[in-house]
Amino acid sequence: MTATTTAPVAAPRTGAPARPPSARLRAWATRAPLLPALIFMIVVTQLPFVATLVISFFDWNSLYPDARHFTGLDNYQEVLTDPDLRHSVWTTVLLTVAVVLASLVLGLVLALLLDRRFRGRGIVRTLLIAPFLVVPVAAALLWKHVLYNPEYGLFNGLLHYVGGPQPDWISSTPLLAVEASLVWQWTPFMMLILLAGLQSRDHEQIEAARVDGASDWQIFVHLTLPHLRRYLELGALLGSIYIVQNFDAVFTITSGGLGTANLPYTVYQSFYQAHENGLASAAGVLVVIGSIVIATFALRVVSSLFREEVSRA
Amino acid sequence: MSTTAPHARRVRGKGAGLGLLAWLLGIAFFLPIAWMALTSFHSETDAATNPPSFAAALTLDGYREFFGAGGGASPWPALINSTVASVASTLLVLLLAFPAAYALSINRVRKWTDVLFFFLSTKMLPAVAGLLPIYLFAKNAGMLDNIWLLVILYTSMNLPIAVWMMQSFLAEIPVAVIEAARVDGARLPTVLARVVAPISLPGIAATALICFIFSWNELLFARVLTGVVAETAPVFLTGFITSQGLFLAKVCAASLVISLPVLAAGFAAQDKLVQGLSLGAVK
């Protein structure tokens, strides 16, 4: 254990290039700490996906296991032509775009407000983060029962005081109801990312612009927004990755009813309730293809941010 | 002088107005949680009224009901399962991610950025993409309704984030410190345990908190792969999805109790939370 006993280790290092076997050995020694994590990830995430891909070419209902047979691209054709499934693709897009855009804009407003000094800024920040920290199922239950309920929900309770109408929120605007709850949860996340962006601005540059007579609006449009672009992109992409996969809110608030079933919910339903393994897998593969489209773009943005950091180091 | 004073006052006036606006928005965002907390302390009849009862008597009945006093299912097994799954997978994540981050930041493997991006890319593979084979495997291996299967899955869910976060923390450690230890003849495990870990302890703690939060929150895997024995807290909560009116105080108490660990961990790691969620890209 005592570190000093094996001191000569440093000496033979200089002769290394002449001896390839030891170089190879050293390369493996460098790799070794990485391997457990790498192998674990490949086994637990990549192998199941390959299996999904294989299953997606089979007609396989787990209630009739003996009828299982290879069916080529039939599952994909069925997924793409089934009106319910096509609708769930559309719902996924609508849900993701609406939630990401709304939470990004709201998050930007909040970040700009919190970037200024005012009394109790720390408390307001903490209040704003809280929605993001409620367990997603609990947040969805909160919206479903405590806020939206037409008879005793808080929204209609408050409307009662101003003599407003008493709508049944979930059945009259189901998708909007799911979206509102997700915007509430995701706005704090966007705010935190954008706040980090605002606080990394070059304040001397802003001072210089102000001395030159630039208005607040001009500073915002010409200095702040361009600087925030990266952070806006990052927020949008990370938000998309999480919201495309959303299951909790759809499952809890509407149980996929009233036209709110998104792809993850549909995949869940087609194998958990309908036992259609082949169809579910094909739908799952389509979710992956959709995610890859977003992800390629996402990786580019993240890698440009990352390179910036590496070059800074 | 005489021209700057009114200007300063105007700026301050605007600043106060915007500060007030920030306060109002902060309260608006927090209101649902505050209302949920108040409702959880009301009796079921007071909870389900329109207009809402602000001044109704406070009671702990909602909490008593939640913890099974009224003959309902006890939440303790679910809470214990969630704790085991979250803590165990967090430990496993740290165990795997820490050496990996070392190989990606200090003693770097070749093409280390590619490896880093491989980890990140697995995060973009939707959970539903592998759910069915995992379910079938678990069924055949007799691992359905087994908490340790969730531990493995939660580890794969959080490992990429942990590797990214730790990589960015470890990259900040001065090379000279590690070189010095190595020249003294310390082997890798010693270097990791005695030199790197103590320096990066705050980063490791933040990573652990974020992994804990994600595991605690997870629903889809837990819903599909567990049943009676290994049910987690979010799955327990889904039992309230269709309960109407009668149990509003209980639903609120349940939601708050189950969110409490995440709220505590999240407030503790506010800044690191962003960095972790944005996979180390934002500092």
Colleague: To the nearest 0.5 angstrom, please state how far the OG atom of B/Ser255 sits from the CZ atom of B/Phe240.
Modeller: 7.5 Å
Colleague: When heavy-atom pairs shorter than 4.5 Å are enumerated against chain B, which of A/Val109, A/Leu47, A/Asp248 gives the highest number?
Modeller: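 Most heavy-atom pairs under 4.5 Å with chain B: A/Asp248.
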Colleague: Among A/Ile55, A/Thr126, A/Leu106, A/Ile123, which residue forms the greatest number of heavy-atom pairs with chain B at distances under 4.5 Å?
Modeller: A/Thr126
Colleague: When you measure from the side chain of A/Gln185 to the backbone N and O of A/Pro131, does any donor-acceptor pair fall under 3.5 Å?
Modeller: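 Here the side-chain-to-backbone pair exists.
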Colleague: What part of A/Gln245 gets closer than 4.5 Å to chain B, counting heavy atoms only: side chain, backbone, both or neither?
Modeller: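 For A/Gln245, the contact with chain B is made by the side chain alone.
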Colleague: Would A/Phe132 and A/Trp184 count as a close aromatic pair, with their ring centres under 6.0 Å?
Modeller: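 Judged by ring-centre distance (under 6.0 Å), A/Phe132 and A/Trp184 do not meet the cut-off.
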Colleague: Which atoms of B/Val115 come close to chain A, meaning under 4.5 Å heavy atom to heavy atom: side chain ones, backbone ones, both, or neither?
Modeller: side chain
Colleague: Can you tell me which portion of B/Ser156 sits under 4.5 Å from chain A's heavy atoms? Options are side chain, backbone, both or neither.
Modeller: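 Contact with chain A involves both backbone and side-chain atoms of B/Ser156.
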Colleague: With chain B, which of A/Leu127, A/Val285, A/Thr187 has the greatest number of heavy-atom pairs at distances under 4.5 Å?
Modeller: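 Going by pairs under 4.5 Å, I would pick A/Leu127.
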Colleague: Check for me whether the distance between the ring centres of A/Trp143 and A/Phe155 falls short of 6.0 Å.
Modeller: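 Judged by ring-centre distance (under 6.0 Å), A/Trp143 and A/Phe155 do meet the cut-off.
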Colleague: Quick one: which of A/Arg119, A/Arg31, A/Arg121, A/Arg125 has the most heavy-atom pairs under 4.5 Å with chain B, could you say?
Modeller: A/Arg125
Colleague: Among A/Ala32, A/Gly284, A/Ala130, which residue forms the greatest number of heavy-atom pairs with chain B at distances under 4.5 Å?
Modeller: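 If we count pairs closer than 4.5 Å to chain B, A/Ala130 comes out on top.
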Colleague: When you compare the side chains of B/Arg223 and A/Tyr268, does any donor N or O come within less than 3.5 Å of an acceptor on the partner?
Modeller: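 Present: a donor and an acceptor within the cut-off.
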Colleague: Answer with side chain, backbone, both or neither: which region of A/Phe271 has an atom nearer than 4.5 Å to a non-hydrogen atom of chain B?
Modeller: side chain
Colleague: Return the orientation label for the B/Phe214 and A/Tyr242 ring planes: parallel under 30°, perpendicular over 60°, tilted otherwise.
Modeller: parallel
Colleague: Under a 4.5 Å cutoff for heavy-atom pairs, which residue among A/Thr252, A/Val267, A/Ile241 has the most contacts with chain B?
Modeller: A/Thr252
Colleague: Taking every heavy-atom pair that is under 4.5 Å apart, which of B/Ile27, B/Leu153, B/Val163, B/Thr155 has the most such pairs with chain A?
Modeller: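 Looking at each option in turn, the highest pair count goes to B/Thr155.
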Colleague: Using non-hydrogen atoms and a 4.5 Å limit, figure out which bit of A/Arg117 sits close to chain B: side chain, backbone, both or neither.
Modeller: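 Contact with chain B involves no heavy atom of A/Arg117 at all.
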Colleague: Heavy-atom pairs under 4.5 Å with chain A - which of B/Leu220, B/Thr238, B/Asn107, B/Thr122 has more of them than the others?
Modeller: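 Of the options given, most contacts go to B/Leu220.
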Colleague: Measure from the ring center of B/Tyr154 to the ring center of B/Phe221 and say whether it is less than 6.0 Å.
Modeller: no
Colleague: Under a 3.5 Å cutoff, is there a donor and acceptor pairing between the side chains of B/Ser89 and B/Asn158?
Modeller: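 Their side chains do not contain a donor-acceptor pair, so the 3.5 Å distance test is not met.
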Colleague: If you compare all heavy atoms of B/Met157 against all heavy atoms of B/Lys123, which two are closest, and at what distance to 0.1 Å?
Modeller: O-NZ, 3.0 Å
Colleague: So which of B/Val224, B/Val235, B/Leu20, B/Ile152 has the largest heavy-atom pair count under 4.5 angstrom toward chain A?
Modeller: B/Val224
Colleague: Please determine, among B/Leu260, B/Leu256, B/Leu136, the option with the most heavy-atom pairs under 4.5 Å with chain A.
Modeller: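 Max contact count across the listed options: B/Leu136.
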Colleague: For a quick test of reading the model, state the closest non-hydrogen atom pair linking B/Leu248 to B/Ala47 and the distance between them.
Modeller: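 In terms of heavy atoms, the two residues are closest at CD2-O, 3.6 Å.
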Colleague: Find out whether the Lys NZ or Arg CZ of A/Lys144 is both under 6.0 angstrom from the six-membered ring centre of A/Tyr148 and within 45° of the ring's axis.
Modeller: no
Colleague: At a heavy-atom separation under 4.5 Å, does B/Phe137 approach chain A through its side chain, its backbone, both, or neither?
Modeller: neither
Colleague: Side chain from CB out, backbone as N, CA, C, O: work out which of these in A/Gln46 comes under 4.5 Å of a heavy atom of chain B, or both, or neither.
Modeller: side chain
Colleague: Is there a side-chain contact between A/Asn156 and A/Leu159, using heavy atoms and a 4.5 Å cut-off?
Modeller: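 SC-SC contact between A/Asn156 and A/Leu159 confirmed.
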Colleague: Which region of B/Phe54, side chain (C-beta onward) or backbone (N, CA, C, O), has a non-hydrogen atom less than 4.5 Å from a non-hydrogen atom of chain A, or is it both or neither?
Modeller: side chain
Colleague: With a 4.5 Å cut-off on heavy-atom pairs, point out which of B/Ala129, B/Ala254, B/Ala264 contacts chain A the most.
Modeller: B/Ala129
Colleague: Looking only at side chains, do A/Asn149 and A/Tyr152 share a donor and an acceptor under 3.5 Å apart?
Modeller: yes
Colleague: Write down the atom of B/Leu170, the atom of B/Tyr102, and the distance for their closest heavy-atom approach.
Modeller: CD1-N, 3.7 Å
Colleague: Check each atom of B/Tyr135 against the heavy atoms of chain A and say whether the ones under 4.5 Å are side chain, backbone, both or neither.
Modeller: side chain
Colleague: Less than 4.5 Å to any heavy atom of chain A: does that hold for the side chain of B/Leu192, its backbone, both, or neither?
Modeller: neither
Colleague: Quick one: what part of A/Tyr161 sits under 4.5 Å from any heavy atom of chain B, side chain, backbone, both or neither?
Modeller: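 Side chain only.
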Colleague: With respect to chain A, which residue among B/Ala162, B/Ser121, B/Gly130, B/Pro133 yields the maximal number of heavy-atom pairs within a distance under 4.5 Å?
Modeller: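 The residue among B/Ala162, B/Ser121, B/Gly130, B/Pro133 with the greatest pair count is B/Pro133.
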